[in-house]
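I have placed the structure first, in the form of structure tokens, so that the comments after it can refer back to it.
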Amino acid sequence: MNKAKREAIFARLQEAIPEPTTELLYDTPFQLLIAVILSAQATDVSVNKGTRTLFPEAPDAAAMAKLGIAGVSRHIRHIGLFNSKAKNVVATCEILLRDYGGEVPRDRRALEALPGVGRKTANVVLNTAFGEPTLAVDTHIFRLANRIPLAKGKTVRAVEEGLLKHIPKAYLKDAHHLLILHGRYVCTARKPRCGACVLFDLCEFKGRFAAAEDGGEAP
DNA sequence: ATCCCGAGGG
DNA sequence: CCCTCTGGAT
């Protein structure tokens with residue numbers, strides 16, 4: 001994969017996706033952090049359904065901590081892993097209040113020290129709330145990176161490092177959402193819509209499931 | 001490697 | 001039914 005090809009890939013994605021941003025609902029960095037914690041192994045639609053009632057009741061760390069685990073749980077029972085998420089959300093709020101005046105630290109290490117926050121969540125918050133050129137490798141980006149391929153790797157960390165090296169700098173800030181949205185709506189896990197893909201001629205995975213779009217079987 | 005764990009889609 | 005969804009902690 002040469003440089004010109006990588007440039008072309010991101011130029012096309014940018015044209016196809018005019019607003020490369022998150023589909024999670026949030027008003028503040030704090031709310032984004034909570035929404036991302038809730039989004040583990042869950043769809044944005046499912047998370048938004050919970051935060052739409054949770055955030056009005058608990059818009060900040062103080063209110064969320066006061067709401068407590070049972071109170072948070074009530075809003076997120078429909079989301080997978082809700083028990084551990086409710087616990088982590090409240091514990092995270094308590095640390096934010098104790099150490100950061102209730103604000104979200106703009107610092108990778110501080111973020112990763114919060115319960116329920118790992119490298120992926122920290123990267124999303126740094127990118128989306130603070131505009132930093134980080135790249136969170138989630139299930140979608142891991143899949144796309146290996147399919148096209150943009151960066152092959154067996155671990156998310158290897159893929160992240162490969163992508164950071166190979167993505168043209170001009171696209172780095174938006175790369176996370178360009179890739180994730182392309183993965184969500186076109187290069188899906190089960191039945192990729194290769195026929196509608198703007199990267200078709202640049203992709204090695206090309207057409208492998210093209211027949212499946214008509215209900216046929218993959219080779 | 002295993003657990004956490006609900007909803008929607010195919 | 002089985003797979004997938006912006007993972008993290010043990």
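So you know, we letter chains A, B, ... as the sequences are listed, proteins then strands, and number each from 1.
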Give A:V156 one of three labels, base, sugar-phosphate or nothing, depending on what nucleic acid heavy atoms sit under 4.0 Å from its own.
nothing
For a salt bridge (Lys or Arg N to Asp or Glu O under 4.0 Å) check, start with the C-alpha distance between A:R143 and A:D138, then their side-chain angles and the critical distance, and finish with the verdict.
CA-CA 8 Å; A:R143 182 177 68 247; A:D138 53 37; over 6 Å; no
Does this structure show an ion pair linking A:E161 with A:R157, if we count only N-O contacts that are shorter than 4.0 Å?
yes
Between the protein and nucleotides 2-4 of chain B, which nitrogen or oxygen pairs come in under 3.5 angstrom?
none

What nucleotide among C:dC5, C:dC3, C:dT6 has an atom nearest to a side-chain atom of A:A189?
C:dC5
Answer with base, sugar-phosphate or nothing: what part of the nucleic acid does A:L114 contact at a heavy-atom distance below 4.0 Å?
sugar-phosphate
N/O (side chain, A:K120) to phosphate O (OP1/OP2, C:dC5) under 4.0 Å
no
Under a plain distance cut-off of 3.5 Å, with no hydrogens placed, do A:E57 and A:H75 share a side-chain donor-acceptor pair?
yes
Tell me whether A:R108 is salt-bridged to A:E112, with the criterion being a basic N under 4.0 Å from an acidic carboxylate O.
yes
Tell me whether the OP1 or OP2 atom of C:dC5 has a side-chain N or O from A:R143 closer than 4.0 Å.
yes
When all nucleic acid strands are considered with a 4.0 Å heavy-atom cut-off, which category describes A:A42: base, sugar-phosphate, or nothing?
base
Let me know the distance between CD1 of A:I17 and P of C:dT6, rounded to the nearest Å.
14 Å
Quick one: which of C:dG7, C:dT6, C:dC3 gets closest to the side chain of A:T121?
C:dG7
Length of the line joining A:Y185:OH and B:dG9:P, which is rounded to integer Å
13 Å
Selection from C:dC5, C:dT4, C:dT6 that lies nearest to any side-chain heavy atom of A:T139
C:dC5
How long is the line joining NZ of A:K49 and P of C:dC5, in whole Å?
18 Å
Spacing of A:D138 atom CG relative to C:dC5 atom C1', expressed in whole Å:
10 Å
A:K173 vs A:E132, test: salt bridge (Lys or Arg N to Asp or Glu O under 4.0 Å). Steps then yes/no.
CA-CA 7 Å; A:K173 223 169 85 171; A:E132 295 194 14; over 6 Å; no
Return the value, rounded to whole Å, for the distance between atom CZ of A:R108 and atom P of C:dG8.
11 Å
So, taking the atom named NZ in A:K85 and the one named OG in A:S73, what distance separates them when rounded to the nearest 0.5 Å?
11.5 Å
Salt-bridge criterion met for A:R184 and A:E23 (N-O under 4.0 Å):
yes
Can you tell me the distance, in whole Å, between the CZ atom of A:F142 and the P atom of C:dT6?
17 Å
What is the distance from atom CG of A:L178 to atom CD of A:E15, rounded to the nearest 0.5 Å?
12.0 Å
P spacing across the pair B:dC5 / C:dT10, given as an integer number of angstrom
15 Å
Classify A:I79 by what it touches in the nucleic acid, base, sugar-phosphate, or nothing, heavy-atom distance under 4.0 Å.
sugar-phosphate
Tell whether A:R190 reaches the base of C:dC2 with its side chain through a donor-acceptor pair below 3.5 angstrom.
yes
Please tell me if A:R184 has a side-chain N or O lying less than 4.0 Å from either OP1 or OP2 of C:dT6.
yes
Mind checking A:S46 for me? I need base, sugar-phosphate or nothing, with any heavy atom below 4.0 Å counting as a touch.
nothing
On DNA chain C, more 5' by nearest nucleotide between A:V117 and A:H176 is A:H176
note: A:K87, atom NZ; C:dT10, atom P; distance rounded to Å ~ 9 Å
In whole angstroms, the gap separating C1' of C:dT6 from CZ of A:R119 amounts to 15 Å
Take atom P in B:dC4 and the same atom in C:dT6, then report the distance between them in whole Å.
23 Å
Any donor-acceptor pair under 3.5 Å linking the side chain of A:T134 with the backbone of A:L126?
no
Residue-phosphate contact under 4.0 Å: A:H140 side-chain N/O, C:dT6 OP1/OP2
yes
